[in-house]
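These numbers were taken from a predicted model, which means no experiment stands behind them.
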Amino acid sequence: MLKLENISKIFPGVKALDNVSLSFEPGEIHALMGENGAGKSTLIKIITGIYQPDLGDIYLDGKKVVMKNFRDAVSHDINMVSQEIQIIPDATVAENIVLDRIHQFRKGIALDWKKMNETAAVYLKKVGLDVAPDEKTEQLTAAQKQLIQIAKALSSKAKYILLDEPTSSLTAYETSNLMKIVRQLKKDGVAVIFVSHKIEEVLELCDKVSVLRDGKYVGSGDCRKLGRQDIVKMMIGREESEESLGTLNIREEKALEAVDITTYGQFDKISFYLKKGEILGFYGLVGSGRTELAKILIGLEKMDEGRVLVNGQEAKIRSIRDCIEHYRIGYVTENRKEEGLILDWDVGSNISITVWSRICSRLKKISLSKETKIVDEMIDKMEVKTPSTRSRVGNLSGGNQQKVSIGKWLAANCDILIIDEPTVGVDVGAKAHIHDLIWKLAKEEGKSIILISSDMPELVKLSRRILVFRDQRIVGEIDSLNEQKRSYSEISAEIGKYLA
Ligand SMILES: Nc1ncnc2c1ncn2[C@@H]1O[C@H](COP(=O)(O)OP(=O)(O)OP(=O)(O)O)[C@@H](O)[C@H]1O
Ligand SMILES: [Mg+2]
């Protein structure tokens, strides 16, 4: 049994953990939940030796242990999948999987590649990832990298496995496969600690849930006896409201129009439009082409044929800079860890990066007071939990990084926003807050928004028209959601029909 006693951890400006005591049993799937910044990842990092507690002790089977680093934890049969993707891009898939025990594959002075690839293949199969062990990891998607991290933790054969938001970038199919793996671990007597913001997933998979709030332990409960609202209440101190949003003032003019967009071998004559003041949803499975299409619209990827019109005029968009400065289009990336933020920069600079041209004086110096004002407003609006605007973004909790990544585009004051998977990894309260912000941008400020989301409830709640994507084509459109009130189940069934 793994037991934590009175653990506290202080970072400059925050008490990340405050006197937390918890225990984790073999053969039990124990969920750890709480708002963004509650201290979940910090706790995981303390159990795995990455951080040292300032106060408190860790016991394994009754014996006090001190783990000075991750290697120490591994030698105590503890392993983890971290929230951040930690993959070495120019190493192969197999090297990444066996990294912690690569010495076992030494053959003289060289490495036994054959044995390494064979070992890796076993775990790749287990996690359902269809890539070659000798492939380089650089080009893989976020979901594939996540699965490699899971394969790596499994291959360690640890007795304690900690999973920090393992499903945040996985599709429904991969998630259900992961659940099978975790249930097998439980059968094998492994203690699994599972961090997630997805309440339904936790209720389905886990035995027990413990909740942290502002670094403090709130309580634990039996997942078979709890409902969604019980957990929400433990996390945010109140129940969530579930009112529908009403109607938008959508205008007849088109803010954006794509005509016959073609990229050889991928898209064939894709056409659609976005009206002013509209929220247009893009639904589809991962890989159905939604993000690729967005990247063409903003000039990050080239098209071979076709046209893009902005406000009825043909647009030549060659870069993100063109997008912001000439066409006032913003793009919130789904991949904040690798594209959305500069993790070594502070919060303020990450937010103001999109508005530099607006706040530069004629001397091309950044007006500090203007920058501070925009940044402060945005931190306030997004409710970003950070000790100061000068804190390094990489030190914020995952969900708070996501808020900064959206906030910087709101600060840019664009007329058209393409928002890709806005609430991956954010807690229920923050999710409702981000929904509210997106809705107000359209309703009160008349912005036109394309919302790409794999979260069907989110998409249905916010969109007033939905395009369904499959295999790089638009296979269906669900219209008149602004005029008619339709139930969630009716809309999701219609989407399902297009995908069947
Ligand atoms: N290395 C660090 N330096 C400074 N502050 C940190 C560091 N790591 C975490 N923090 C702070 O500690 C607090 C807890 O962060 P933690 O990452 O544990 O939250 P979390 O519960 O995992 O949140 P999320 O759901 O967003 O991932 C936050 O306020 C965060 O900013
Ligand atoms: Mg975290």
message: Would Phe272 and Phe282 count as a ring-ring contact (aromatic ring centres under 6.0 Å, His included) here? Give the steps.
response: CA-CA 11 Å; Phe272 70 89; Phe282 278 13; 5.4 Å; yes
Please check: side-chain N/O of [X] versus main-chain N/O of [Y], any donor-acceptor pairing under 3.5 Å?
| X | Y | result |
| --- | --- | --- |
| Glu28 | Ala191 | no |
| Glu377 | Ile374 | no |
| Arg464 | Asn482 | no |
| Asp322 | Arg318 | yes |
| Tyr123 | Val98 | no |
| Glu95 | Thr92 | yes |
| Glu278 | Lys275 | yes |
| Asn36 | Val426 | no |
| Ser352 | Gly348 | yes |
| Asp164 | Val195 | no |

Please tell me whether [X] and [Y] have a donor and an acceptor in their side chains that are separated by less than 3.5 angstrom.
| X | Y | answer |
| --- | --- | --- |
| Glu201 | Ser196 | yes |
| Gln402 | Thr423 | no |
| Gln266 | Thr263 | yes |
| Asp420 | Thr333 | no |

query: Hey, are the side chains of Ile379 and Val375 touching, using non-hydrogen atoms and a 4.5 Å cut-off?
result: yes
Using every non-hydrogen atom in the two residues, find where [X] and [Y] come nearest and quote the distance to one decimal.
| X | Y | result |
| --- | --- | --- |
| Ile491 | Ile478 | O-CD1, 4.2 Å |
| Gly227 | Leu203 | C-CD1, 4.1 Å |
| Phe267 | Gly289 | CZ-O, 3.4 Å |
| Gly37 | Ser397 | N-OG, 3.1 Å |
| Ile87 | Pro89 | O-CD, 3.2 Å |
| Asp230 | Lys225 | OD2-O, 4.4 Å |

- prompt: In terms of side-chain geometry, is the basic nitrogen of Lys316 or Glu314 positioned less than 4.0 Å from the acidic oxygen of its partner?
  reply: yes
When you look at [atom1] of [X], are more than 12 heavy atoms from neighbouring residues, nucleotides or ligands closer to it than 6.0 Å?
| X | atom1 | answer |
| --- | --- | --- |
| Lys198 | NZ | yes |
| Glu483 | CD | yes |
| Lys443 | NZ | yes |
| Asp130 | CG | no |

- line: Only one of Asp346, Asp344, Asn350, Thr386 passes side-chain hydrogen bond (donor to acceptor under 3.5 Å, both in side chains) with Arg392, and that residue is Asp344
- request: For the pair Tyr264 and Glu305, evaluate side chain to side chain donor-acceptor pair (under 3.5 Å) and give the outcome as yes or no after the intermediate values.
  value: CA-CA 9 Å; Tyr264 303 139; Glu305 283 170 35; 2.8 Å; yes
